[in-house]
2 protein chains.
Amino acid sequence: MSENANDPRIVRTMHMLREALLELMEEHGFERITVKDITSKAGLNRGTFYLHYADKFDLLERITEDMMQGLRQIAQTFDPLDLVMHESRDTPFPFTVRLFEYFGEHARFFSVMLGPKGDPAFSVKFKEFMQVHLMDKFNEFHHSEDRVPVPWDYLMAYLISAHLGIVQYWLEQGRDYTPWDMALMFTRMTQLSPIQSAGLKK
Amino acid sequence: MSENANDPRIVRTMHMLREALLELMEEHGFERITVKDITSKAGLNRGTFYLHYADKFDLLERITEDMMQGLRQIAQTFDPLDLVMHESRDTPFPFTVRLFEYFGEHARFFSVMLGPKGDPAFSVKFKEFMQVHLMDKFNEFHHSEDRVPVPWDYLMAYLISAHLGIVQYWLEQGRDYTPWDMALMFTRMTQLSPIQSAGLKK
DNA sequence: ATCATTAATCAACACGAAGTTTATTTTAGG
DNA sequence: CCTAAAATAAACTTCGTGTTGATTAATGAT
């Protein structure tokens, strides 16, 4: 054989461990979970766990890294032309729609990780992602430092956290709107409020 | 003696355990901390811990409850007249100033708990507090359901999370503005952006 | 200053999970 | 069918937990 990551047994085992962890996190939160819990929920031997992961932290990190990778991949497809195309119309960025679709596809992960049983460090990662891929696109508008009612960095913190809150709430509500609706909310909120807070427009 | 909570030994011990926990959380996060760590950092016998708390979760809950109690006490002093008084002027609510002073007084706690090593469940508690004591005051403006660009509950989630983000960022930055400045930021942000997002004003 | 009360310390204990190791069984694929 | 590697099984050490009983130290009232 000699193959490693392609072995169907490994793929299957890792998948079951990941699913088991997320299910347990939903119930008890990461803190209360033991490796024993994970493997018994996955129907695997406890020793098998250590064949693939160092500990439960390692397992969570691997899952997280995969999800962030997925987000970065979507971010690559971002077209700067969209900024111009959708500036004045009341339509969402296709890029943002795609993001919400991704959240929906991996709803359990994002729901747990961004929820009350989740990992606050992940929220930070997530915010950094939004800073780079959503906010920095708008920073072209930011040139003059004078006469702004609110410091620029605080406005950024405000907006990023606000957007995170929207995603969290959407997941909590069981995704009661479509990704398209949500992306449109994003667009509207970033176009109506923040620009005025920054003092760039009446 | 027969006194209980007044005994200076108890007060001293509990205080040292609380301080030790917060220091350790800053370093390693709650998850990695053991009761052994806490007591040895506090310079106390491990058995002493169990004289006062059931486990490390219990300890954290007690601290948290005390802090929330402090917040609720401040919230009681809120004067509805402030809403009218400060509506059009560019001045912060005294109530909000007082809140930021409180965050500053207990900066270590809030900084840790709302930070990447903190407890996401606390952020939820904190949001609930803001919902009740900040947002619900403004809900008078909300009467007509039709023709709003963004659903009301999503706007609330947006605003609350945004405000939380401001507090978090302020603590991260080492409180580089005064509580007065911060409260003014709150006032400006809630007055400039959200009302327009709600479609109540051009 | 003395003394009864109670907190804090110390040592020992059983228990459970962690992480490792070795031998054995099962499974995938040439 | 047969080989390589993954999964299982069982044993083992280590470590933290939560508890208990005996001892020492401190507090506050007399």
Side-chain angles (χ1 to χ4, degrees), chain A residues 1-66 112 117 119 121, chain B residues 1-66 112 117 119 121:
Chain A
M1 249 177 287
S2 78
E3 303 310 285
N4 218 331
N6 306 352
D7 193 316
R9 291 172 292 181
I10 295 182
V11 174
R12 189 178 137 278
T13 297
M14 285 182 146
H15 183 256
M16 299 191 79
L17 289 173
R18 286 162 179 237
E19 286 302 309
L21 178 64
L22 290 182
E23 278 178 43
L24 287 168
M25 279 185 74
E26 267 178 334
E27 298 167 28
H28 315 111
F30 188 68
E31 165 84 46
R32 303 274 190 174
I33 297 172
T34 68
V35 171
K36 198 179 178 58
D37 292 336
I38 299 168
T39 51
S40 74
K41 164 142 290 192
L44 297 171
N45 189 279
R46 192 170 65 87
T48 307
F49 181 94
Y50 295 101
L51 257 35
H52 303 287
Y53 303 103
D55 48 37
K56 64 171 179 166
F57 300 95
D58 187 34
L59 171 57
L60 187 61
E61 276 167 32
R62 304 283 194 91
I63 302 174
T64 300
E65 189 39 51
D66 280 7
V112 172
K117 305 275 184 63
D119 177 4
Chain B
M1 252 178 289
S2 79
E3 304 310 284
N4 219 328
N6 306 353
D7 193 317
R9 291 172 292 182
I10 295 182
V11 175
R12 189 178 137 279
T13 298
M14 284 181 147
H15 184 256
M16 298 192 78
L17 289 173
R18 284 160 182 240
E19 286 302 309
L21 177 65
L22 290 183
E23 279 178 41
L24 287 167
M25 279 186 75
E26 267 178 334
E27 299 167 28
H28 316 110
F30 188 69
E31 166 83 47
R32 303 274 191 173
I33 296 173
T34 69
V35 172
K36 198 180 179 59
D37 293 335
I38 298 168
T39 51
S40 72
K41 165 142 292 196
L44 296 170
N45 190 279
R46 192 170 66 88
T48 308
F49 181 94
Y50 295 102
L51 256 36
H52 302 286
Y53 303 103
D55 48 37
K56 63 171 180 168
F57 299 96
D58 186 34
L59 172 56
L60 187 61
E61 275 168 33
R62 303 281 193 93
I63 302 174
T64 300
E65 190 39 52
D66 280 6
V112 171
K117 307 274 184 62
D119 177 4

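Letters go in sequence order (proteins before strands), and every chain restarts at 1.
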Test side chain to side chain contact (heavy atoms under 4.5 Å, CB included) applied to B:Val35 and B:Tyr53, step by step: CA-CA 10 Å; B:Val35 172; B:Tyr53 303 103; over 6 Å; no

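- Between B:Ile33 and B:Met25, the closest heavy-atom pair is CD1-N, 3.4 Å.
- B:Met14 contributes atom CE, which lies 12.0 Å from atom CG of B:Leu44 (distance to the nearest 0.5 angstrom).
- Per the geometry, CD1 belonging to B:Ile33 stands 11 Å off P belonging to D:dT17, to the nearest Å.
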Atom pairs under 3.5 Å: protein N/O with N/O of nucleotides 21-24 of chain D:
none

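- The two residues B:Thr39 and B:Asn45 have their closest heavy-atom pair at CG2-O, 3.7 Å.
- A donor-acceptor contact shorter than 3.5 Å is absent between the side chain of B:Lys56 and the backbone of B:Leu21.
- When rounded to the nearest whole Å, the span between CG of B:Leu59 and C1' of D:dG18 equals 16 Å.
- Taking atom CG of residue B:Asp55 and atom P of nucleotide C:dA17, one finds them 15 Å apart after rounding to whole Å.
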Take B:Asp66 and B:Arg18 through the side chain to side chain contact (heavy atoms under 4.5 Å, CB included) test and state the conclusion after the steps. CA-CA 11 Å; B:Asp66 280 6; B:Arg18 284 160 182 240; 3.0 Å; yes

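- Paired with A:Glu27 under the rule salt bridge (charged side-chain N to carboxylate O under 4.0 Å, His left out), one option of A:Lys117, A:Lys41, A:Arg32 passes, and it is A:Lys41.
- Contact annotation: A:Thr34 side-chain N/O to C:dG16 OP1/OP2 distance is not under 4.0 Å.
- Between A:His52 and A:Thr48, the shortest heavy-atom distance links the atoms CD2-O, 3.4 Å.
- Residue A:Arg9 places a side-chain atom within donor-acceptor reach of the base of C:dT27, judged by atom type and a 3.5 Å distance cut-off alone.
- Using modelled atom types, no side-chain atom of A:Asp58 and backbone atom of A:Asp55 make a donor-acceptor pair closer than 3.5 Å.
- Nearest-nucleotide positions on DNA chain C place B:Met14 closer to the 5' end than the other of B:Met14 and A:Ala54.
- Atom pair A:Leu17:CG and D:dA6:P shows a separation of 14 Å (rounding to whole Å applied).
- A straight line from CZ of B:Phe57 to P of D:dG16 spans 16 Å, rounded to a whole angstrom.
- Summary of helix geometry: the two end axes of the helix from C:dA1-D:dT30 to C:dG30-D:dC1, each defined by five base pairs via their C1' atoms, are inclined to each other by 30° (rounded to 10°).
- When the P atom of D:dG18 is taken as reference, atom CD1 of B:Ile38 falls 10 Å away, rounded to whole Å.
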Take B:Glu65 and B:Glu61 through the test side chain to side chain contact (heavy atoms under 4.5 Å, CB included) and record every step on the way to the result. CA-CA 6 Å; B:Glu65 190 39 52; B:Glu61 275 168 33; over 6 Å; no

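- Residues from residues 43-52 of chain B placing a heavy atom under 4.0 Å of any atom in DNA chain D, listed by number, are B:Arg46, B:Tyr50.
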Between A:Phe30 and A:Val112, is the side chain to side chain contact (heavy atoms under 4.5 Å, CB included) condition met? List the steps. CA-CA 10 Å; A:Phe30 188 68; A:Val112 172; over 6 Å; no

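- The CG-C1' distance, from A:Asp7 to D:dT3, rounds to 14 Å in whole Å.
- We find that NZ of A:Lys36 is positioned 20 Å from P of D:dC15, with the value rounded to whole Å.
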